Amino acid sequence: MVKLCSSFLGEGQALEKVIYFTASPLDPASNSRQSAFLNANKLLNPDKFEVVRGKYISKDIICPFCHTTIPRAEEKRTDVNISIRMIADCMLDNTDTIALVSADSDLVPPLEFIQNIFHKKESKSIFHLQGAVLT
């Protein structure tokens, strides 16, 4: 992830840290694959890769057609964790530029807030991958 995010840097920019926001999947096989991915990134870049965890909860939904109860995993806290971290990093002057890499348009409001309040901070959104914030 550090190498991928470094590819977005412009002239004169330096990558301080990739902060990867995620939750551990409830499925053991998915959880194992995610753990391997995160551990590899931490091993390759121990000072530039940080993981911030939310959580998944199991929630039952009812099919409107057949009325069958279907268990569904729902991720909690990730959007809030990302928003708070971006705003806190700006308030504490821990960053000059924030690049948000996400597939979630719910994160547009905190970026707009940062652009309106912290005029000297540069914020960009790259909505393709979910979970990483560069600071």
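By convention here, the first residue in the shown sequence is residue 1. Since the model is a prediction, treat every value here as computed from it, not as a measurement.
Clustering ILVMFWY residues whenever any of their side-chain heavy atoms sit less than 4.5 angstrom apart, transitively, puts Met91 in the very cluster that holds Leu107. Hydrophobic clustering keeps Ile19 apart from Ile84 (ILVMFWY residues linked when any side-chain heavy atoms are closer than 4.5 Å, directly or through intermediates). When hydrophobic clusters are built by joining Ile, Leu, Val, Met, Phe, Trp and Tyr residues whose side-chain heavy atoms come closer than 4.5 Å, directly or via intermediates, Ile117 is grouped together with Ile82. Linking ILVMFWY residues whenever their side-chain heavy atoms come closer than 4.5 Å, directly or via other members, places Leu9 and Val18 in the same cluster. In the hydrophobic cluster analysis, where Ile, Leu, Val, Met, Phe, Trp and Tyr join through side-chain heavy atoms closer than 4.5 angstrom, Phe8 is grouped together with Val2.
No hydrogens or angles considered: a donor-acceptor pair under 3.5 Å links the side chains of Ser24 and Arg53. Under 3.5 Å, the side chains of Glu16 and Thr95 contain no donor-acceptor pair of N or O atoms.
Atom NZ of Lys55 and atom CD of Glu75 lie 12.0 Å apart (nearest 0.5 Å). To the nearest 0.5 Å, atom CD1 of residue Ile87 and atom CD1 of residue Ile98 are 8.5 Å apart. Between Phe21 atom CZ and Thr78 atom OG1 the span is 9.0 Å, to the nearest 0.5 Å. To the nearest 0.5 Å, atoms NZ (Lys17) and CG (Asn94) are separated by 9.5 Å. Separation of atoms CG (Asp89) and OG1 (Thr97) is listed at 12.0 Å; rounding is to 0.5 Å. Rounding to the nearest 0.5 Å places OG of Ser6 at 10.5 Å from CE of Met1.
Checked by atom type and distance alone, the side chain of Asp27 pairs as donor or acceptor with a backbone atom of Ser30 at under 3.5 Å.
The two atoms that bring Ala23 and Gly54 nearest to each other are CB-C, 3.7 Å, heavy atoms only. Nearest heavy-atom pair, Pro25 versus Gln34, reported as atom, atom and distance to 0.1 Å: CD-OE1, 3.2 Å. Across every non-hydrogen atom of Phe37 and Asn41, the tightest pair is O-ND2, 2.9 Å. Of all non-hydrogen atoms in Tyr20 and Leu38, the two that sit nearest each other are CD2-CD2, 3.6 Å.
Checked options Ile114, Leu111, Val108; the residue passing with Leu100 is Leu111 (criterion: side-chain contact (heavy atoms from CB on, under 4.5 Å)).
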Table please: side-chain donor-acceptor pairs of residues 56-73 below 3.5 Å, with sequence neighbours left out.
| residue | atom | partner | partner atom | Å |
| --- | --- | --- | --- | --- |
| Lys59 | NZ | Glu74 | OE1 | 3.4 |

